[in-house]
Amino acid sequence: MEVILAKNAGFCPGVKRAVDKALAYKDVPHTYTLGALIHNPVFLKRLEDIGIRSIEFDEILAELDAIAPKTMHLILRTHGVPKEQETALRALASESGRLDIIDMTCPFVKNIHRIAEENTSDKTAFIHFCHKDHPEALGNMSYAKGEKYAISSLDELKMLNLDGKIPILCSQTTENLVEFKKIKNFLKNLYTNAIFFDTICSVTEIRQTEATALAKVSDGMIVIGGKNSSNTQKLFALCKEHCKETICIESASEIPKDFPIGKQKIGITAGASTPGDIITEVLKLWK
Ligand code: SF4
């Protein structure tokens, strides 16, 4: 049996930067992440074990009072924060003098914030191809002015009436590239004034292409990553399209005992927020 690990699997540069920064705060009391730092429960448990816990936006004031006069260190995750929340946090930091904001928003996400802010007005309709409830999508949408729509498929786009507006299309960083191209082409044919921004991050693009190629030649595929990780679920859907025997797991213990039976070639890939040692654990099963 042959086991092949995709070349680009596990932490992407954006996640690695955020994770390294969080781990550097290991011995710093009152360090928090605003929401889950990454969508990986195994890693989140590790952070909790070293005293870094996740806090929600509406809990911050009370927590700041509770730890007074100490300083709160607050890590903003790669997905970014809605504009109103970030403005409120910066104001609180300057008023209190006890809120240290460590902004780990990925530069690819920051770029979407800038695009949304600088290119939208009451003349435009901002169309965001995204996973609607995902924190990144909520943040991206918050920067757009005028009409705005979050869509998750071409069918949803077809239901919109954009007459009289300039459509501005961009995508969540981890969206499906093939679907995005379909949406873009549809819009291009219908609205000559539409403006497009290709904002799927290059890391996501490479992973999806690589995972698809690997799934096509594998008898079984394993996708490792959090069940609530958008990019992991996109990889899973893509692999499943090309390899029926695809499973998605958070750790090695979830692999069904009979999974490899009769399979000649197993392909393995992992989402952008999957720690390297979890991938190694899976690989060890075949050593
Ligand atoms: S997947 Fe791309 S956009 Fe998301 S954190 Fe990684 S590098 Fe940044």
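Indexing begins at 1, ligand by ligand and atom by atom, following the structure's order. Just so you know, these numbers come straight off a predicted model, no measurement behind them. What you see below is based on every heavy atom in this structure, not just the backbone, and it leaves out hydrogens, waters and symmetry mates.
- Closest protein heavy atom to atom 4 (Fe) of ligand 1: Thr173 OG1, 4.0 Å.
- Protein heavy atom at the shortest distance from atom 8 (Fe) of ligand 1 is Cys106 SG, 2.3 Å.
- Under the 6.0 Å cut-off for aromatic ring centres, His134 and His79 qualify, their centroids lying closer than that.
- Residues Lys284 and Glu281 are paired through a salt bridge, judged by an N-O separation under 4.0 Å between the basic side chain and the carboxylate.
- Remark: Glu254 engages Lys227 in a salt bridge, criterion side-chain N to carboxylate O under 4.0 Å.
- Scanning the protein heavy atoms around atom 2 (Fe) of ligand 1, the nearest turns out to be Cys201 SG, 2.3 Å.
- Compare Ser230, Ala18, Ser229, Cys12 by their heavy atoms: the one nearest to atom 5 (S) of ligand 1 is in Cys12.
- Ring-centre distance between His128 and Tyr149: not below the 6.0 Å cut-off.
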